[in-house]
Amino acid sequence: MEDSRRNFLKIAGISALGLGASPVLDAFSKEEGLQTPQMIQGEKALKATHWGMVIDTRKIHSSEDLNPMIAACNKIHNIPKLETENHEIKWIWAEAYHNAFPEKETNFLNERLEHIALPVLCNHCEDPPCCRACPTQATFKRESDGVVMMDFHRCIGCRFCMAACPYGARSFNFRDPRPFIKETNLEFPTRMKGVVEKCSFCAERLAEGKLPACVEASNGILIFGDLDDDKSEVRQALRENYTIRRKQNLGTGPSVYYIV
Amino acid sequence: MLELAIKGSKRYWGWMALLAAVVGVGFLVYLQQLSFGLGITGMSRDVSWGFYIANFTYLVGVAAGGVMVVLPYYLHDYKAFGKITILGEFLAVASLVMCLLLILVDLGQPMRMLNVIFYPSPRSVLFWDMIVLNGYLFLNIVVGWNVLEAERNGTSYPFWLKPFILLSIPWAISIHTVTAYLYSGLPGRGFWMTAILAPRFLSSAFAAGPALLILLCLVVRKLTRFDPGREQIQSLAKIVAYAICINVFFFLCEVFVAFYSNIPEHTAHIKYLFVGLEGKGALVPWMWTSMGLMAVGIILLVNPVTRRQEGVLAVACVAVFVGTWIDKGLGMISGGFVPSPLHHVNEYAPTIPEILITLGIYAMGALVLTALFKMAISVKEEVAG
Amino acid sequence: MNDKKYIIAGLAIFVVLMTFPFWFNMGKAAPPPEVILTPKALAAKECVRPTALMRVEHQQLLDVWRDTVTRDGRRIYVNEQGKQFNMSLSNTCLDCHSNKAEFCDRCHNYASVSPYCWDCHIDNPKENK
């Protein structure tokens with residue numbers, strides 16, 4: 001479907017140019033000895049069929065331990081710091097145990113968990129309700145590596161995905177975010193008002209062979225890798241430890257696991 | 001027939017001008033929203049749908065409610081309703097215009113609206129909602145127009161229209177069912193995740209729609225030479241009576257399931273709405289008012305003595321209309337978002353600009369409704385001679 | 001029909017209004033814009049595709065790029081000469097064409113189009129606003 005759309009646009013574009021331009025284009029296509037342009041994945045790109053994350057909460061000693069990873073994400077993705085809490089944009093943030101796992105609330109929580117905050121982010125679900133809800137496929141699950149992506153160009157801002165996400169992982173740009181970005185990362189775009197955004201597992205970094213920014217800054221708290229590869233670091237962590245996932249009973253299949 | 005809508009008395013034009021002014025104010029505020037973003041509303045990260053979507057949901061119900069005059073006439077050959085089917089159909093048209101406008105103003109990037117058509121996504125309920133709403137609008141315009149024209153010419157409506165009329169009946173059910181599915185299929189939203197949501201929506205729709213229609217009939221009788229008829233109004237009143245009873249019954253079923261099972265995910269929202277949660281309960285007085293109004297409506301409508309007095313009936317209809325509006329318009333949407341999936345209690349209240357835009361849309365609906373009713377009634381007066 | 005004169009008058013008004021832009025602008029054609037290339041762009045001699053093609057089809061190219069990058073995760077463009085480019089408006093296109101006002105805007109203004117690319121993609125020279 002994508003290809004036919006592209007072709008359609010091409011034809012539409014060319015016909016819009018009228019007869020004047022068509023000889024020029026014909027000349028290009030007739031030149032020989034040249035290859036047709038291609039679009040490929042970079043050689044350095046990290047490859048996986050199901051990216052996932054394991055969060056080792058035992059390594060979190062206080063809520064401050066989460067600050068570096070949150071700051072790294074905010075900085076690299078041009079996440080604004082808005083004036084009102086209502087308009088907040090969050091990709092990865094800290095929550096108390098009973099907010100991250102509301103259905104596991106108990107009066108007699110382990111003391112360590114009681115006193116720390118847990119990082120929460122988009123779970124890049126195996127069967128994401130947000131993608132089901134989206135009426136334009138602006139948010140979609142990438143077939144190749146399981147990352148739940150946002151196409152900001154296509155989002156119409158209906159916020160159905162926000163209602164559908166059981167993890168509150170999505171934020172909406174209630175206003176132009178630019179004035180609220182302290183330090184702009186020039187390599188990454190900002191967003192415009194009226195679109196929804198969320199964590200993308202740093203798809204732009206994976207493409208360049210880098211781990212997600214939060215993982216790099218996490219001091220070993222976050223482990224990242226291919227859940228389909230039984231030799232990966234995440235699979236090793238999952239083999240050796242008991243882990244839980246957020247709202248597992250909903251059947252969304254989160255790709256983010258917590259060692260508690 | 002459109003010419004009938006532009007020949008009117010001073011009173012007619014004064015009313016239209018007043019509505020146009022309200023539309024204008026709403027439009028200006030909307031321009032402000034367009035340049036600033038949805039930040040001028042009271043919506044937030046936690047309560048990401050508000051007044052617009054709530055009113056949208058309510059008005060889908062009013063639109064579907066129109067079928068309550070169409071169905072008895074065309075399926076059961078209940079002749080009395082023949083006189084007022086056109087009013088039900090035109091009420092649906094005006095409601096749908098409002099629905100579509102409310103969706104439009106709720107979008108963060110309205111310029112990209114057509115992406116819904118460019119990238120059709122049959123897995124999204126919103127995609128189906130677009131289809132059923134536009135389809136129902138189309139059906140009602142085609143059916144209403146042709147039936148009215150036939151009446152004017154003293155003929156019966158063209159034979160090809162019958163399938164459209166029959167189709168419009170299940171289609172009315174579909175618009176509110178699909179709209180309920182927007183909510184009831186979302187994991188992690190305990191308040192909406194109930195199979196009874198669509199029936200609940202329909203029952204409140206079949207109360208609110210006909211209640212409004214009764215009020216409109218009373219107004220029409222007062223202002224024009226056309227009398228929708230006492231029998232018609234009484235029949236509608238019985239429909240409202242049953243529908244509002246069923247609506248309250250369904251709600252009590254919800255309360256039972258939530259509180260007998262005592263599953264926090266389901267009780268938390270109802271607690272928030274009726275007694276407040278973690279000290280926050282902006283909607284508590286509203287919800288009890290709604291319950292009170294619906295109770296008053298039931299008492300006045302079920303009792304034949306009160307129902308037969310048209311003055312009392314009007315009061316009952318207002319009570320039902322406002323009661324269901326609070327229930328669905330204020331409670332249903334906010335209630336589903338509070339507490340959030342992470343159990344934060346972050347309340348929502350519409351802002352002034354948000355209310356002004358919504359009022360502008362209601363005025364737009366009233367404008368369309370007045371013009372359409374003017375047409376219909378002029379034809380009726382013409383035919384009566 | 002005695003409405004003839006109204007109909008004709010109405011039609012005349014309609015035709016005049018519809019053709020207003022044409023005769024209002026007659027003889028006042030704006031000169032075609034002259035785009036300025038940065039030294040970096042001049043040194044590169046050719047863009048990712050031949051200049052003439054880029055001039056008329058860059059929007060289609062960018063549209064394909066944005067879909068391929070965000071949706072397929074393929075980010076490297078190999079052109080006819082086998083040269084590789086990172087498919088990035090922010091980091092490739094605007095790196096060479098770091099003069100939005102003299103390059104992009106001139107043509108866009110002339111053609112009276114206002115693409116919203118820069119609402120998100122930070123224009124060059126990369127300054128903090």
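Just so we're on the same page: letters track the sequence lines, and every chain starts at 1.
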A:Asn78 versus chain C, heavy atoms under 4.5 Å apart: side chain, backbone, both or neither? side chain
Applying a strict 4.5 Å limit to non-hydrogen atoms, the region of C:Tyr116 in contact with chain A is side chain
Heavy-atom cut-off 4.5 Å, strictly under: side chain, backbone, both or neither for A:Glu204 against chain C? both
Look at atom CD of A:Glu143 and say whether more than 12 heavy atoms of other residues, nucleotides or ligands are closer to it than 6.0 Å. no
Would you find more than 12 non-hydrogen atoms of other residues, nucleotides or ligands less than 6.0 Å from A:Lys141 atom NZ? yes
Note: vs chain C, highest number of non-hydrogen pairs under 4.5 angstrom among A:Met149, A:Arg142, A:Lys193, A:Glu43 is A:Arg142
Does atom NZ (A:Lys81) have a neighbourhood of more than 12 heavy atoms from anything else shown, all under 6.0 Å? no
Minimum heavy-atom separation for C:Asn91 and A:Leu186, please, with both atom names. OD1-O, 3.9 Å
Are any non-hydrogen side-chain atoms of C:Asp72 and A:Met39 less than 4.5 angstrom apart? no
Are any of the side-chain heavy atoms of C:Arg71 and A:Gln137 separated by less than 4.5 Å? yes
Atom of A:Met192, atom of C:Cys120 and distance for their closest heavy-atom approach: N-SG, 3.3 Å
Any donor and acceptor pair, going by atom type alone, linking the side chain of C:Arg66 with main-chain N or O of A:Asp151 inside 3.5 Å? no
For C:Gln59, which atoms come within 4.5 Å of any heavy atom of chain A: side chain, backbone, both, or neither? neither
Considering residues, nucleotides and ligands other than C:Glu102, do more than 12 of their heavy atoms fall under 6.0 Å from its CD? yes
Relative to chain C, which segment of A:Phe188 carries a heavy atom at a distance below 4.5 Å: side chain, backbone, both, or neither? backbone
